[in-house]
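Below, chains carry the letters A, B, ... as their sequence lines are ordered, and counting in each starts from 1. In this text the structure is predicted, and so the values were computed from the model without any measurement.
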There are 2 protein chains.
Amino acid sequence: MSGGVEWALHCCTLLSRSAEPVPAVKLAEFHDVSPSYLAKQLQLLSRAGLVRSAQGNSGGYALTRAATQITVLDVVEAIDGALPAFRCTEVRQRGPMATPAERCTAPCTIAQVMDSADRAWRDSLRAVTIADLVADADRVIPPETIERTRAWLRGGTVVPGT
Amino acid sequence: MSGGVEWALHCCTLLSRSAEPVPAVKLAEFHDVSPSYLAKQLQLLSRAGLVRSAQGNSGGYALTRAATQITVLDVVEAIDGALPAFRCTEVRQRGPMATPAERCTAPCTIAQVMDSADRAWRDSLRAVTIADLVADADRVIPPETIERTRAWLRGGTVVPGT
DNA sequence: GGCTCACGGACAAAAGTTATCCGAGTTGGG
DNA sequence: CCCAACTCGGATAACTTTTGTCCGTGAGCC
């Protein structure tokens with residue numbers, strides 16, 4: 001799995017805390033990651049329709065739907081793509097005992113097992129939303145820090161406290 | 001996921017049909033794949049203890065346990081490794097609102113969700129054994145072909161029928 | 001003792017990932 | 001109405017990981 005998935009998830013949780021759009025540079029500064037590379041992940045989120053980008057002086061990124069309507073799977077598929085990890089190469093149709101193609105209407109057993117596992121994985125990720133992540137984070141982070149974060153998102157660039 | 005997983009699974013199903021050891025070259029010929037690369041996958045299976053290699057003139061590979069005692073997950077982990085796909089880089093400990101390390105005893109919510117999904121995936125693969133794959137294949141392949149395969153495994157190199 | 005076979009590491013090629021830059025478009029103010 | 005600053009977006013390059021191949025070494029059978 002791409003490492004950008006983690007960044008994208010953190011960005012979504014942060015965006016859900018802000019009413020106004022947040023520029024990519026600010027998201028990168030908040031998470032202390034490479035701005036140029038994070039921009040790429042945000043573009044993927046935008047292309048997937050999870051976030052909307054606004055240009056101009058007070059532009060930035062914002063979620064297109066409520067955090068309760070965005071699942072972790074949505075974000076993972078936006079970054080890593082929706083293709084399953086396993087791809088059957090039809091080994092059964094090769095070699096001296098090859099099964100003729102006309103008998104290969106259904107996917108082979110191995111592919112079925114892999115698809116089933118892939119479905120279980122996706123189901124598990126689909127069951128959690130960005131709102132769930134935020135709620136769980138709020139249970140751990142002190143309320144004061146949350147308020148400081150909101151202020152930091154609204155205000156200009158702030159020098160981190162010593 | 002590595003493409004060698006598919007080959008390894010096919011090899012295991014084939015090995016379960018043979019009482020005698022099968023050389024790597026023969027396994028490669030049966031599946032019509034690169035012998036040099038398949039040898040590498042077989043080494044991984046051997047290192048994981050799933051197959052035993054016998055050297056000498058009538059040597060080859062054989063399963064160490066009954067096919068009912070080898071799960072698909074065993075093979076997948078032997079080839080691809082047992083490490084989870086997602087690795088948390090502790091983004092929460094970075095940036096202006098970093099959470100202090102002493103408060104990070106439990107893994108962050110995102111890592112928990114990913115681990116849970118990974119567990120669901122592995123559970124699904126663990127539920128199927130090599131014997132299940134063979135049983136399902138026998139339901140599709142004509143009995144005559146199965147017998148021809150057994151004969152091919154016993155005998156020397158056979159020219160495929162026209 | 002000669003032959004065949006499996007093992008292991010070393011080595012090259014390919015793909016995917018990570019990282020960076022510069023141009024196009026938009027907003028807001030003068 | 002024009003200018004300037006700020007934003008995203010796509011194209012481009014370096015790196016790491018994976019994939020694939022090869023040959024030398026050691027061990028067992030005839």
Side-chain angles (χ1 to χ4, degrees), chain A residues 1-8 11 15 18 20-29 31-64 76 78-87 89 153 156-157, chain B residues 1-8 11 15 18 20-29 31-64 76 78-81 83-87 89 91 153 156-157:
Chain A
M1 179 177 328
S2 166
V5 170
E6 187 182 9
W7 298 5
C11 284
L15 287 178
S18 172
E20 306 156 29
V22 183
V25 176
K26 216 162 186 183
L27 289 169
E29 186 186 350
H31 297 114
D32 188 24
V33 298
S34 158
S36 2
Y37 187 43
L38 183 63
K40 188 167 207 147
Q41 320 295 342
L42 291 170
Q43 279 176 38
L44 291 172
L45 290 180
S46 174
R47 202 173 298 173
L50 298 180
V51 303
R52 170 177 295 277
S53 66
Q55 290 189 339
N57 201 353
S58 60
Y61 288 95
L63 298 180
T64 56
V76 170
I79 303 296
D80 268 13
L83 288 83
F86 179 85
R87 202 177 69 85
T89 60
L153 282 170
T157 307
Chain B
M1 178 178 331
S2 166
V5 169
E6 187 182 10
W7 299 4
C11 284
L15 288 178
S18 172
E20 307 156 27
V22 183
V25 176
K26 216 163 185 181
L27 289 170
E29 185 186 351
H31 297 114
D32 187 25
V33 297
S34 157
S36 0
Y37 190 41
L38 182 62
K40 195 168 204 146
Q41 320 295 341
L42 291 169
Q43 280 176 35
L44 291 172
L45 289 179
S46 174
R47 201 173 299 171
L50 297 180
V51 303
R52 170 177 297 277
S53 67
Q55 292 186 341
N57 202 353
S58 61
Y61 288 95
L63 298 181
T64 55
V76 171
I79 304 296
D80 268 15
L83 288 84
F86 180 84
R87 201 176 69 85
T89 60
V91 176
L153 282 169
T157 305

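Atoms CD and OG, from Gln41(A) and Ser46(A) in turn, are 13.0 Å apart once rounded to the nearest 0.5 Å. The CG atom of Leu15(B) lies 7.5 Å from the CG atom of Leu42(B); values are rounded to the nearest 0.5 Å. Taken to the nearest 0.5 Å, the CG atom of Leu38(B) stands 10.5 Å off from the CD atom of Gln43(B). With values rounded to the nearest 0.5 angstrom, Ser18(B) atom OG is found 5.0 Å from Leu153(B) atom CG. Distance CD1/Ile79(B) to CG/Leu44(B): 5.0 Å, rounded to 0.5 Å.
Checked against dT18(C), dA6(C), dC21(C), the side chain of Gln55(B) finds its nearest nucleotide in dA6(C). Closest to the Ser34(A) side chain, of the nucleotides dT21(D), dG10(D), dT20(C), is dT20(C). Comparing dT20(C), dA10(C), dA6(C) against the side chain of Tyr37(A) picks out dT20(C) as the nearest. The Ser53(A) side chain lies nearest to dG9(D) when the options are dG20(D), dG9(D), dA11(D). Which of dG8(C), dC8(D), dT12(D) sits closest to the side chain of Gln43(B) comes down to dG8(C). Of the listed nucleotides (dG28(C), dC22(D), dG20(D)), dG28(C) has the atom at the smallest distance from the side chain of Ser58(A). Distance from the side chain of Arg47(B) is smallest for dG9(C) among the nucleotides dG9(C), dC8(D), dT21(D). Each of dG10(D), dA27(D), dT7(D) was ranked by its minimum atom distance to the side chain of Pro23(A); first place goes to dT7(D).
Distance, Leu27(A) CG to dC6(D) P: 18 Å, rounded to whole Å. At whole-Å resolution of the value, CG in Leu42(A) and P in dC8(D) are 8 Å apart. Gln41(B) places its CD atom 8 Å from the P atom of dT19(D), with the value rounded to the nearest Å. Rounded to a whole Å, the CG atom of Leu45(B) is 13 Å from the P atom of dG8(C). Between Glu20(A) atom CD and dC6(D) atom P the separation is 17 Å, expressed in whole Å. Residue Asn57(A) contributes atom CG, which lies 10 Å from atom C1' of dA4(D) at whole-angstrom precision. Taking atom CG on Leu38(A) and atom C1' on dT17(C), their separation rounds to 15 Å, with Å as the unit. Between Glu29(A) atom CD and dT7(D) atom P the separation is 12 Å, expressed in whole Å.
Counting non-hydrogen atoms under 4.0 angstrom, Ala39(B) reaches nothing in the nucleic acid. In this structure, Gly4(B) reaches neither bases nor backbone, as no heavy-atom distance under 4.0 Å exists between it and the strands shown.
For Lys40(A) against dG9(D), no side-chain N or O and base N or O form a donor-acceptor pair under 3.5 Å.
Checking the phosphate oxygens (OP1, OP2) of dC8(D), no side-chain nitrogen or oxygen of Ser46(A) falls inside 4.0 Å.
For Thr64(B) (side chain) and Leu50(B) (main-chain N/O), a donor-acceptor pair under 3.5 Å exists by modelled atom type.
Along DNA chain C, the nucleotide nearest to Pro35(A) and the one nearest to Arg52(B) differ in position, and the one closer to the 5' end is contacted by Arg52(B).
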